[in-house]
Structures are given as structure tokens and as C-alpha cells.
Amino acid sequence: MIFIPLKELLTAIERLKVFFLEKIGQSQEKDLITKDLQTSTQDSVPNNDVSSKQSGYSPKIFKKSIHIYSHLDADGLCSAAIIARMLERKGIGFQITILRQLELQYIQNIAEEQQKYNRFIIFSDFGSGQIEFIEKYFQSDDYIILDHHKPEFESKKPEINHVNPYYYGIRGDDEISGAGVCYLFAKVMDSRNQDLAYIGIIGAIGDMQNNAEKGEFHGVNKVILEDALATNQITVEFNLAISRTKTLAYAIAYTLPIVLPKLTDSLSNVELFLKKNQIRSTDELGNPRTFLDLSNLERKTLLNALIKFALVECGMNPKKSKELLQNIYILNDFNEKYKISDAREMSSLLNACGRGGNSSFGIAALLGDEDSLKKAIEFSKSYKHEIFLGVNRARENIREYEFIRTVYEQSINEKTIGTICSILLHSGDLIDKPLIAFADSDNHTMKVSARADKNLIEQGIDLGIIMRKACQKIGIEDPAGGHPPAAGAKIPTKKLGDFIAIVNDLTGTQMKK
Ligand code: C5P
Ligand code: C5P
Ligand code: ZN
């Protein structure tokens, strides 16, 4: 057993449970019955029933119908999936909408919807950074927030309906994800929801929280992992971090945890590499082999050859190249039944769904719906290639400033810019400054995605604060923010120059502190 100081957070979640049950409490009025489970499409999600097909539950009568709003990335989809299954098990109907971000215009619309239709709103994986506007536009407290983004004022204790680990001394950027917070809530609601721990782990991996040595977790994530291990949903293995279920060539080209220029996204170069190292990519019958088909000796040869390639051909530093070898969180059920190798592969599948406008398939896939999983796999096929194309294009458009680098490439869209920025930062020797990426959005605005390496965070860089302050300085109302290593904003295109200059200055100030 490990000891993690969780008591205060759990007490807040217990209070939230009482608040929530009171709010949605059962009623005898027939016309207030909630609709069957459904997901809706406010922004990017096609209409698709998440899980009512396999649930077979009969809805009870509740005072309010519930609408879950969550973020479009892997952690956001995991958060929504956990809440969905928890509600479904309680016989509570709901609707899910996935948003690219909880923007001001959405908050206004949701507040209106809440009042007009007597809805109860659940915000997951966002909400803390937007609390000022939620409180401003909502006419009642018929909502809860389950978030892990750093609030602007950590010392100001939140209302009962708002849970965030930072208020209890727990970091949301690496100790617990949005899905982790939702998991704890689901488990407090009903201990049987312990079987959703694996989703909490996938969310944390989507947010890159397994960044302790050897790919291990920190803090509360360790407790969630213990739950997933105890229920045999996950097995941890320290090995070459590569997909076990994809064909070997594809796995090397697309599923390694670090980018190896010339091998990543180039199946033909991977074939040459395998040949050179005398590892056959197909068996005697010509069928493609997977990592699991390799002998122990071949696995060792492959690992050594990849490390050598990283060091010699890519000029990578030894510490970075060692990331090839790390903990792999194998999803036992998905592995056997659906050939999804591990939590990292699942999180990238979810990102493909969320960012590609197919969130509902991702959520249903997470909850074990086979058809949705097949569709999600289909959608994700071209996604990785598109991402690496974007990474290469972006690489050619980097600009140097004193304390930051910026990148803008017209063809990269706002839903993938965050992922591209993350990969780009970690794939070259760009870790000495924050990387601020821009993509065109609607109405003459730009989406901003900012990323900084761990070493800068240790030196005191907090991109969430920088984004928020820079937006305030150029007079933008729409809330910006995020985590110290990963944050975002939305700015008017005409303010781009001012924004970059301010972000550069603010970064310089934080670095000198
Ligand atoms: O909204 P949310 O917290 O779920 O999103 C965090 C985002 O930042 C994720 O898309 C994650 O991949 C990214 N991230 C990153 N580098 C980190 C931590 C998170 O790129 N060190
Ligand atoms: O959109 P992107 O992946 O760059 O976002 C990085 C992190 O910043 C995410 O955790 C996201 O939720 C957060 N963010 C935010 N407010 C914004 C934009 C992004 O809190 N306006
Ligand atoms: Zn998150």
C-alpha cells in the first residue's frame, strides 16, 4: 500500500456527491423523465448513442436531465466516459457534448440551456479556469465542475459544487488528470465503479502524466493505478514502449514514445532498418509479425538497434533515447479482444477521435462497445500520418525569439495544433525554450497552444499563467489557461504580434525569477 494525502480531496468529493444527489433527486412528476442516453453534437460530435444499447437499464424519474460537457482530448473523453458509465449504472439519463474548449460563447449558451430546459450541467476536464464566467452567466448552482487545471486563485476555497485537486495541495499537471478526478467521484458515488480505474489511467497518459522515471506515475495516479491492478484491468511491464498488436513496421513508424527522424512516419525506411538488423517483418508465410511474435533475442536486438539509431543517426542525448524503454500499461481486456496494445495506444486513438470530430465513437469504444472501437480504429488510421506531416511542416516554420519559439503553418488546423506542438517540442533539441504554436480559427481568431519541457517547469515556468496574463494584457475576455507545461488561448489574429511580444517578455520574467 502507498500513502498519498488524499483525505481532503476525498472529503470535497463526498460533499459533492451529497450536493449532486440532492440536486437531481428523484421526483414523481412523469413529464420530467429524462430521455434515454444520447450524445449530442454541439461542436464536433456526430449523433451517436454512447452506451444505452448495451446497458439495458430502465431510466428512473429525476428532477433534472443531465448534460455533460467535456474537453476534446483523450483525457476529456475519458472523463466523459467515466461519468457516463457512472450515471448509466444509477439509471440516470444524460447527454454528452464535447467541446474544443469551454469558450465564453459556449458558457453563455450552456447557461441559457440550463435555465430554459431545467438541466443539470456537469463540466469535466475544464471549468476551473472559466469559473468567473460560469458564475457570472449561470443563474443557479445547477452544475458541478470536475477539473484538474490550475485555478487562478488556489488559496480561495471553491464552492461545494467545484472540485479541483489544487485546492487540496495536489498537482493537476502530473498527480491526477481530469479522468482521475472523475474516477474518484464515480468511486465515491458507488464503489463498484472501481472497475473504471483503467479509464482514469488512460486519461492520465493522454495528459502525459506518466513522466516520473521509467514512465511511472506520481501521487494520486499511483492510487488509481493500484485500483486498476487490483481489478486486473491493467498489467504493467517495463519494456520497449511499442505497440504489441500492430505490425512491427507500423509499430516502429508510428507508436514509439519519441520521434526518430527518418524512421518515424516512414514505413520504407523502417523496412530497411529491420533488414539491416536482421529482424524479419513477416513470417515464413509472408504474414506481418508483431512485437509479440519476436523471440527474446530479437526483442533485445530491436531495442539496442533503436537506441543506437537514436544516438548515432538522430544525435539524440542518451537520457532522451532511454525513453524508448519505459513502463507500458497493458489493457488486459482490450489487448486480448480488440488488439489495442496499451493505454498509450488507446489514448492516441481517443485523441484521433476527439480531434477528428468523432468523439462519441471514442467514448463508446472506451466503454467496450465493439462496433465503435472498430470505427475508432478506422478513423485513427490516417490520423498519425497527418500529425507527422504537420510536425514536419511546422518544423520548417519555427521562429526564434529571445525566450520563446513560435510556430505557425497555414495548413495545420486548430484541433491538431496542440498535439503537433507537443510532438515537435519533444522531438528535436527545442526543449530549452517554450514553444508557442498558432493555428487559424474562426472569426479572424487564432488558437494558441503552448508547451514547455519539464526542465523549464522546474525552473519556474508556468505557461497557464503566461497565457492568462498575456490575454489580459491584450484585452481578451475569453478565458485562457492550462497547466504549467501545456496551456492555450484564443486571440484575435490582428493582435498576434503584440501577443508574441508579451509572451516573450513574461517568459523572460519567469525565467529570471
Ligand atoms: O485539458 P487537458 O488537461 O486534458 O490537456 C492537456 C494537454 O496537454 C493534453 O493534450 C496533453 O497531451 C498535453 N500535454 C503536453 N505536455 C505535457 C503535459 C500535457 O503536451 N507535459
Ligand atoms: O488546446 P491545447 O491542447 O493547447 O491546450 C493545452 C491545455 O491548456 C489543455 O489542458 C487545455 O484544456 C488548456 N487550455 C485552457 N484554456 C484555453 C486553452 C487551453 O485551459 N483557452
Ligand atoms: Zn486533462
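All values below were derived from every heavy atom in this structure, side-chain atoms included, with hydrogens, water molecules and symmetry-related copies excluded. Keep in mind that this is a model prediction, so the values were computed, not measured. One-based numbering, in listed order, for ligands and for the atoms of each.
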Query - Heavy atom of the protein closest to atom 14 (N) of ligand 1 (residue, atom name, distance) - result: Ala486 CB, 3.6 Å
Query raised in the report: Do you see a donor-acceptor pair shorter than 3.5 Å between the side chains of Tyr183 and Asn193?
Result: no
Query raised in the report: Does the ring of Tyr401 carry Lys433 above it, NZ/CZ under 6.0 angstrom from centre and within 45° of its axis?
Result: no
**Report entry** Distance-only N or O hit between ligand 1 and His426, under 3.5 Å
**Finding:** no
Query raised in the report: What atoms in ligand 2 come closer than 4.0 Å to a heavy atom of Ala480?
Result: 16 (N), 21 (N)
Requested in this report: Assign the ring pair Phe361 / Phe379 to parallel, tilted or perpendicular, where the plane angle (0 to 90°) is split at 30° and 60°.
Outcome: tilted
Report task. May I ask you to identify the nearest protein heavy atom to atom 20 (O) of ligand 1, giving residue, atom name and distance to one decimal place in Å? Result -> Ser422 OG, 2.6 Å
Query raised in the report: Do any of the N/O/S atoms of His148, backbone or side chain, fall under 2.8 Å from the Zn ion (ligand 3)?
Result: yes
Query - Per-residue contact class, Arg451 against ligand 1 - non-hydrogen pairs under 4.0 Å - result: side chain
**Report entry** Heteroatom distance test (Val448, ligand 2): nitrogen or oxygen, under 3.5 angstrom
**Finding:** no
Query raised in the report: Looking only at heavy atoms of His149, does any of them come nearer than 4.0 Å to an atom of ligand 1?
Result: yes
Report task. Look at Asp125 and state whether any of its N, O or S atoms is less than 2.8 Å from the Zn ion (ligand 3). Result -> yes
Query - Top protein contact for atom 1 (O) of ligand 2, by heavy-atom distance - result: Lys447 NZ, 2.9 Å
Requested in this report: Starting from atom 11 (C) of ligand 2, locate the nearest protein heavy atom and write down its residue, its atom name and how far away it is, to 0.1 Å.
Outcome: Gln101 NE2, 3.6 Å
Report task. Give the residue, atom name and distance (to 0.1 Å) of the protein heavy atom nearest atom 18 (C) of ligand 2. Result -> Gly488 C, 3.2 Å
Requested in this report: Give me the one residue out of Lys415, Lys447, Lys490 that meets side-chain hydrogen bond (donor to acceptor under 3.5 Å, both in side chains) with Ser441.
Outcome: Lys490
Query raised in the report: Nearest protein heavy-atom contact for atom 21 (N) of ligand 1: which residue, which atom, what distance?
Result: Pro485 CB, 3.6 Å
Query - Pro479 and ligand 2 - part of the residue with a heavy-atom distance under 4.0 Å - result: backbone
Query raised in the report: Closest to the Zn ion (ligand 3), which N/O/S atom of Asp207 is it?
Result: OD2
Query raised in the report: Heavy atom of Gly178 under 4.0 Å from ligand 1?
Result: no
Requested in this report: Please write down residue, atom name and distance for the protein heavy atom closest to atom 16 (N) of ligand 2.
Outcome: Gly481 N, 3.5 Å
Query - Contact check, His148 vs ligand 1, heavy-atom distance below 4.0 Å - result: yes
Requested in this report: Describe, in one word, how the ring planes of His483 and His148 are oriented to each other, choosing from parallel (under 30°), tilted (30 to 60°) and perpendicular (over 60°).
Outcome: tilted
**Report entry** Protein heavy-atom partner closest to atom 17 (C) of ligand 1 - residue, atom, separation in Å
**Finding:** Met208 SD, 3.8 Å
Report summary line: The atom name of the N, O or S atom in Asp75 nearest to the Zn ion (ligand 3) is OD2
Query raised in the report: Hey, are Arg468 and Asp462 close enough for a salt bridge, meaning a charged N less than 4.0 Å from a carboxylate O?
Result: no
Query raised in the report: Among protein heavy atoms, which lies nearest atom 5 (O) of ligand 1, and at what distance?
Result: Asp73 OD2, 2.9 Å
**Report entry** Any side-chain donor near an acceptor of the partner, Gln194 and Thr231, under 3.5 Å
**Finding:** no
Requested in this report: Output the list of atoms in ligand 2 that are nearer than 4.0 Å to some heavy atom of Ser449, sorted by atom number.
Outcome: 1 (O), 2 (P), 4 (O)
**Report entry** More than 12 heavy atoms of other groups within 6.0 Å of Gln105 CD
**Finding:** yes
Requested in this report: Classify the contact between Asp207 and ligand 1 as side chain, backbone, both or neither, using a heavy-atom distance cut-off of under 4.0 Å.
Outcome: both
Query raised in the report: Does an N or O anywhere in Gly206 fall below 3.5 Å from an N or O of ligand 1?
Result: yes
Report summary line: Numbered in order shown, the ligand 2 atoms found under 4.0 Å of a heavy atom of His483 are 10 (O)
Query raised in the report: Gln130 to ligand 2: N or O pair under 3.5 Å?
Result: no
**Report entry** Phe438 and Val407: CA distance, side-chain angles, deciding distance, side chain to side chain contact (heavy atoms under 4.5 Å, CB included) verdict
**Finding:** CA-CA 6 Å; Phe438 300 90; Val407 58; over 6 Å; no
Requested in this report: Without swapping roles, check the side chain of Ser380 against the backbone of Leu349 for a donor-acceptor pair under 3.5 Å.
Outcome: no
Query raised in the report: Aromatic rings Tyr254 and His385: how do their planes relate, parallel, tilted or perpendicular, breaks at 30° and 60°?
Result: perpendicular
Query raised in the report: Do Asp73 and Asp207 have side chains that get closer than 4.5 Å, going by heavy atoms?
Result: yes
